[in-house]
K.L.:
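Sharing a structure here in structure tokens format.
Numbers here are sequence positions counted from 1. Whatever order the structure lists ligands and atoms in, that order sets their numbers, starting from 1.
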Amino acid sequence: MIKNNVKKILSELPPNVQLVAAAKTRTPEEIKEAIDAGIQIIGENYFQEAESLVKSGPWKENRAKLHFIGHLQTNKIKRTVKIFDMIETLDSLKHAKEVDRQCAMIGKIMPILIEINSGREERKSGVFPEKAEELIKQISGLKNIKVKGLMTMGPLDSDPRPCFKETKQLFDKLKLEILSMGMSDSYKVSIEEGANLVRIGTAIFGARHA
Ligand SMILES: *Cc1c(COP(=O)(O)O)cnc(C)c1O
């Protein structure tokens, strides 16, 4: 089933759109099935899950790039920067400085996306759209971080299109490369609104395990 889902989604995506398989709660075997079917980027929300994934046998047989798409925790950044190829959810100067410091120690330059709280929801992570430019300016002095683009979740309980539209306008204004928007229920809309990276979980792996 995973194989068919991946093949179908890949065949439907425009060629400029990258697909991240959002793999929270999935086993290394399920993830390997997705990679074998053509997935090139795995998104993980939880550091511990990612760490056990990269130590697993299936991952060693056929690995993909790894994007962090969860909430960063300061005390785990050291181990996070070691195993991830991109952090999609950076939203504070404090975390940026710690990512930079830890990357400097291992000689790595981390590509990151700034997470935008495009729905301006109080308890959501991400910076408000009007704060993004200032944060990017502050980060631009950090040598071991490269800001590549923007990421947004959008509201889950209402039409995400206006939020995707606003995030795209900001993305154009800032002249960035990667715009990560859209999940299983919203990726088609997000692509219409200009996303060039989509993060898809349930439409690949099925309903999440409890
Ligand atoms: C889980 C998750 C997704 C994928 O969600 P689905 O609805 O399962 O496609 C995308 N982005 C983030 C940040 C997630 O946590």
K.L.:
Is it the case that more than 12 heavy atoms not belonging to Lys65 sit under 6.0 Å from its NZ atom?
P.N.:
no
K.L.:
Can you list every pair that meets ring pair (Phe, Tyr, Trp, His ring centres under 6.0 Å) and has a residue in residues 63-92, with sequence neighbours left out?
P.N.:
Phe68-Phe84
K.L.:
Using a strict 4.0 Å cut-off to heavy atoms of Met153, name the atoms of ligand 1 that fall inside it.
P.N.:
12 (C), 13 (C)
K.L.:
Ignoring hydrogens and angles, state whether a donor on the side chain of Ser190 or Glu193 is under 3.5 Å from an acceptor on the partner side chain.
P.N.:
no
K.L.:
Check each atom of ligand 1 against the heavy atoms of Thr202 and keep those under 4.0 Å away; list them by number with element.
P.N.:
6 (P), 7 (O), 8 (O), 9 (O)
K.L.:
Can Lys3 and Glu33 be counted as an ion pair, charged N to O under 4.0 angstrom?
P.N.:
no
K.L.:
Does this structure show an ion pair linking Lys82 with Glu51, if we count only N-O contacts that are shorter than 4.0 Å?
P.N.:
no
K.L.:
Backbone, side chain, both or neither: what part of Ala22 comes under 4.0 angstrom of ligand 1, heavy atoms only?
P.N.:
side chain
K.L.:
Will you find, in the side chains of Glu98 and Thr74, an N or O donor that is under 3.5 Å from an N or O acceptor?
P.N.:
no
K.L.:
List the closest protein heavy-atom neighbour of atom 6 (P) of ligand 1: residue, atom name, distance to the nearest 0.1 Å.
P.N.:
Ser184 OG, 3.5 Å
K.L.:
Among all protein heavy atoms in this structure, tell me which lies nearest to atom 14 (C) of ligand 1, with the distance rounded to 0.1 Å.
P.N.:
Lys24 NZ, 3.0 Å
K.L.:
Measure the distances from the heavy atoms of Arg208 to every atom of ligand 1 and state whether one is below 4.0 angstrom.
P.N.:
yes
K.L.:
Going by the atom numbers of ligand 1, which of them fall below 4.0 Å from some non-hydrogen atom of Ile200?
P.N.:
9 (O)
K.L.:
Taking only Lys NZ, Arg NE, NH1 and NH2, and the carboxylate oxygens of Asp or Glu, determine whether Glu192 and Arg161 approach each other closer than 4.0 Å.
P.N.:
yes
K.L.:
I want to know if ligand 1 touches Met183 in the polar sense, i.e. an N/O pair below 3.5 angstrom.
P.N.:
no
K.L.:
Looking only at protein heavy atoms, which one is nearest to atom 11 (N) of ligand 1, and what is the separation?
P.N.:
Arg199 NE, 2.8 Å
K.L.:
Using a heavy-atom cut-off of under 4.0 Å, does the side chain or the backbone of Asn45 touch ligand 1, or both, or neither?
P.N.:
side chain
